[in-house]
Student: 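Just dropping this structure here.
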Amino acid sequence: MVSFNGKKMGYLDTLNNEQYIAATTVDGPVLILAGAGSGKTRVLVHRIANMIDNMGVNPWNILAITFTNKAAGEMRERVDNIVGAGADSIWVSTFHSMCVRILRRHIDCIGYDSNFTIYDTDDQKSVMKDIMKRLEIDTKFLKERTVLSAISSAKDELIDPDEFEENCKGDYKKEQIAKLYRAYQETCKQSNALDFDDLIVKTVELFEKCPEVLNNYQERFRYICVDEYQDTNTAQFELIRLLADKYKNLCVVGDDDQSIYKFRGANISNILDFEKVYPDAKVIKLEQNYRSTQNILDAANAVIRNNVGRKDKSLWTDRGSGEKLHYRQLETAYEEADYIAADMAKAIRNGDCGYGDCAVLYRTNAQSRILEEAFVKRSMPYNVVGGVNFYSRKEIKDILAYLKTIDNAVDDVAVKRIINVPKRGIGQTTVNRVSDYALQNGIGFFAAASMADRIDGVSKAAATKLTGFVDYINEYRDKAQMMSIEQLIDDILKTTDYIDELKANEEDADERIENIDELISKAVSFEEEAEEVNLSSFLSDVALVADIDRLGDEQTKVVLMTLHGAKGLEFPRVYIAGAEDGVFPSASAIFDEDPTQIEEERRLAYVGITRAKDVLTITAARQRMLRGETQYNQVSRFVREIPEELLDNRPEKVRRMDIMEYDESSSERMSFKAAPFGITGAGSVYGMSRPKAVVTKKTTPQECKPYIAKTGLLSNAGIQKGVVKSDSLEYAEGDRVTHIKYGVGTVTKIESEPRDYKVTVDFDSAGTKIMYAAFAKLVKI
DNA sequence: CGTACTAGTCTTTTT
DNA sequence: GACTAGTACG
């Protein structure tokens, strides 16, 4: 290492002024506001290296928390490359894996076993389903999803079942959720299982209940660094606060403009109020961008400027303006996909870039399919990141459930999953009987199964099958000590004939077998690399893998992923597909009465735009199929927020849209065939809540009838809403009429409003509906 | 007990 | 349109 004037080490010389300050401010609380592409990771890596090389900090005392395992791996590698020795004793990990590591050591202090299992979303769902059945709560009244997301939000805010119950007095629905929350926690505890949120919550609980454990980690982690700080939630903040409380050497790095995980509990005030919590915090802004061209940055700045309540900053670069941004609106989503693939192919033919330089970003995973088809058609290599997580595929979950059962037999979800996979002739009735027995006796399902012969209602034959299964697992429990994980999986596959079953029953057996092979490879590499090799740690390792983590460094394929997935990445050539109001920003954000929803989408747009280094292409389709219905969408408002001189094509003017139905009595989705006013074509309904239903349809101004903006929200959306009143109705109060969807009913009320008649109909089977005459198209019978 | 069909729900985004 | 849960039947 070269030393200049005995002051700076050589590698720090490569930093700009702000970066240098950030890398050398080591003691006390530090907030680094790092704009997109401002060399944040570089700064972090140099900062750590500087601490070790120049400040005499022991690597062992450094904790770096990142968002994904992939980011953690990259950071470790880069630190390794510039630090002489000892880099491997730095603790670099994600929040979740850090918590697992801590909990595996100390969770017995708060009453769990160290071989706890981790429940993913599927597991949570099946637990909740069981509970709701048991407590006889109708899933039509309360959906599992709703309950689980309420619980998750509570945990993000460190609200336990007691406090939750306190907070919801008087609200029946919430009281039910409180009851379910409590039952859910009890069930998880009994199954010795934690869900993702629990990993954080229980670690905080552990630190609060066991000061000596906390002190131990405070001493160890004297220097803490948190990346993507804008995405931390309240629980994570508290965790960090506790850890840093003793030495207060806490460095957080983030960008409030890139906060895109509010739906997951991210609390943007963590970053906005950092200086309030740590008044002596040093704040450093990194605004010079080393990634993109000025045109791209100008576009990003222009878009994000429309948000209020952000820390003011503006990216700049000395790279030069570069190409204009490309914007294309195609007729359909197919043409859009085709355009993207063709445009990319052309660039590659020209030698402008390789496949690996290109990424296509979209708002929802569902958009990937059409794009994939386009790439397949042209035989272009691509990689889809996200969608169904590898480890949540059926065949993988089955095998993991075997391992979980062997490792932690009280994990009822795992046991029930495999008790009849492959088929052992143990049916639902038997499973229910055993479940009931387990519940009555306060034991786990597996324990109950082992005493099957004592359970009323379980036939001799069924009991034999059950004990057969129990013996089978128990045998493995002994054998597992002597076997590698790879051998264990192989053996299970063999003894269960799993592969043959697959071949016999599944259409896509080959693909599934490949997946299983990949799981086995994962097991092998885990056993080679992991510090602690046992079943529990393998299972948690696997549970915490994000899809992005599996994206290798191979630079030979086009990457397809959601805008969320793209955070932290960069590509020379980026396509943003589906730039339409209703897709991006999503319909739910547009119609939400909370305006910050749109701001979050806008931040997502900012993230997307700033992924591009050289060339950015934004595409939209005039019509696309969504949930089986064709929608006609406007160009995304975010495209219109980009100054026209930065685009190679002007976005078309807001198309007037015709309108809609409006049914205040129900939030049901309504499909809407053809316009009622002689306008041809079909519209569809979107906007699941609030302004209820809105139908949009492509139309020319001449075709449009007078419009009424029924609500401010709709006019904000660039969509207008209107109806045309007919002179008279063919039916009157008391008449029997039919409705295309609701069937036959009796008209109970007709109110004449300025623009239309509001008709109340008491349907024979669908109940009472209030609707506007122009849309209801009621026919007298 | 297992299979085949039907009806309902769903989509924002993920560690 | 796709997937899943629930139901009816063999």
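Since we're looking at a predicted model, the values are computed, not measured. Values below: every heavy atom of this structure, side chains too, minus hydrogens, waters and symmetry copies.
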Student: By the 4.0 Å heavy-atom rule, please label A:Arg145 as base, sugar-phosphate, or nothing.
Tutor: sugar-phosphate

Student: Please determine, for the side chain of A:Thr364, which listed nucleotide (B:dT13, B:dT11, C:dA5) has the closest atom?
Tutor: B:dT13

Student: In whole angstrom, what separates A:Met625's CE from B:dC10's P?
Tutor: 20 Å

Student: How many Å lie between CD on A:Gln428 and C1' on C:dA5, as a whole number?
Tutor: 12 Å

Student: So, A:Tyr119 and A:Asp411: side-chain donor and acceptor under 3.5 Å apart, yes or no?
Tutor: yes

Student: Look at the side-chain N and O atoms of A:Asn365 and state whether any lies under 4.0 Å from the OP1 or OP2 oxygen of B:dT13.
Tutor: yes

Student: Does A:Phe263 stack onto the base of B:dT13, taking stacking as ring centres under 5.5 Å apart and planes under 30° apart?
Tutor: yes

Student: Quiz question: by atom type and distance under 3.5 Å, do the side chains of A:Lys416 and A:Ser126 form a donor-acceptor pair?
Tutor: no

Student: Among the candidates B:dC1, B:dT13, B:dT15, find the nucleotide nearest to the side-chain atoms of A:Thr94.
Tutor: B:dT15

Student: Look at A:Arg603 and B:dT13 and indicate whether a side-chain polar atom (N or O) is within less than 4.0 Å of OP1 or OP2.
Tutor: no

Student: Ignoring the backbone of A:Tyr261, work out which of C:dG6, B:dG2, B:dT14 is nearest its side chain.
Tutor: B:dT14

Student: Rounded to the nearest angstrom, tell me the gap between atom CE in A:Met561 and atom P in B:dT13.
Tutor: 15 Å

Student: What is the ring orientation for A:Phe221 with A:Trp91, classed by angle as parallel under 30°, tilted 30 to 60°, or perpendicular over 60°?
Tutor: tilted

Student: Which is more 5' along DNA chain B, the nucleotide nearest A:Leu544 or the one nearest A:Asn420? Just name the residue.
Tutor: A:Asn420

Student: May I have the distance from A:Asp130 (atom CG) to C:dA5 (atom P), rounded to whole angstrom?
Tutor: 12 Å

Student: In terms of the nearest nucleotide of DNA chain B, which residue is placed more toward the 5' end: A:Ile426 or A:Glu600?
Tutor: A:Ile426

Student: When all nucleic acid strands are considered with a 4.0 Å heavy-atom cut-off, which category describes A:Lys567: base, sugar-phosphate, or nothing?
Tutor: nothing

Student: How many whole angstroms separate atom CG of A:Leu569 from atom C1' of B:dT13?
Tutor: 15 Å

Student: Among B:dT3, B:dT15, B:dT14, which is the nearest nucleotide to the side chain of A:Lys423?
Tutor: B:dT3

Student: Please tell me which of the listed nucleotides, B:dT15, B:dT14, B:dT11, lies nearest to the side chain of A:Ala546?
Tutor: B:dT15

Student: Please pick, from B:dT15, B:dT14, B:dT9, the nucleotide with the shortest atom-to-atom distance to any side-chain atom of A:Lys143.
Tutor: B:dT9

Student: Please report the distance, rounded to the nearest Å, between NZ in A:Lys125 and C1' in C:dT4.
Tutor: 9 Å

Student: Determine: side-chain N/O of A:Thr562 to OP1/OP2 of B:dT14, distance under 4.0 Å, yes or no.
Tutor: yes

Student: As a test of reading the structure: which of B:dT13, B:dC1, B:dT11 is closest to the side chain of A:Thr430, going by heavy atoms?
Tutor: B:dC1

Student: Between A:Glu228 and A:Gln230, is any side-chain donor less than 3.5 angstrom from a side-chain acceptor?
Tutor: yes

Student: Atom CD1 of A:Ile118 and atom C1' of B:dT14: how far apart are they, to the nearest Å?
Tutor: 15 Å

Student: Considering residues at least two apart in sequence or located in another chain, which fulfil the ring pair (Phe, Tyr, Trp, His ring centres under 6.0 Å) criterion with A:Tyr575?
Tutor: none

Student: Between B:dT3, B:dT14, C:dA2, which nucleotide gets closest to the side-chain atoms of A:Arg369?
Tutor: C:dA2

Student: Classify the nucleic acid contact of A:Phe67 as base, sugar-phosphate or nothing, counting any heavy atom under 4.0 Å across all strands shown.
Tutor: sugar-phosphate

Student: Which value, in whole Å, describes the distance between the C1' atoms of nucleotides C:dG6 and B:dT11?
Tutor: 22 Å

Student: Side chains of A:Asp195 and A:Tyr184: any donor to acceptor distance under 3.5 Å?
Tutor: yes

Student: Describe, in one word, how the ring planes of A:Phe67 and A:Tyr261 are oriented to each other, choosing from parallel (under 30°), tilted (30 to 60°) and perpendicular (over 60°).
Tutor: tilted

Student: How long is the straight-line distance from NZ of A:Lys465 back to OG1 of A:Thr430, given to the nearest 0.5 Å?
Tutor: 7.5 Å

Student: Starting the side chain at C-beta, find the nucleotide from B:dT13, B:dC1, B:dT3 nearest to A:Thr429.
Tutor: B:dC1

Student: Rounded to the nearest Å, what distance is computed from the CD1 atom of residue A:Ile65 to the C1' atom of nucleotide B:dT15?
Tutor: 13 Å

Student: Among B:dT15, B:dT13, B:dT3, which nucleotide sits nearest the side chain of A:His96?
Tutor: B:dT15

Student: What pairs of nitrogen or oxygen atoms, one from the protein and one from nucleotides 8-10 of chain C, lie under 3.5 Å apart?
Tutor:
none

Student: Using modelled atom types only, decide if a donor and an acceptor are shared between the side chain of A:Thr610 and the backbone of A:Val607 within a distance under 3.5 Å.
Tutor: yes

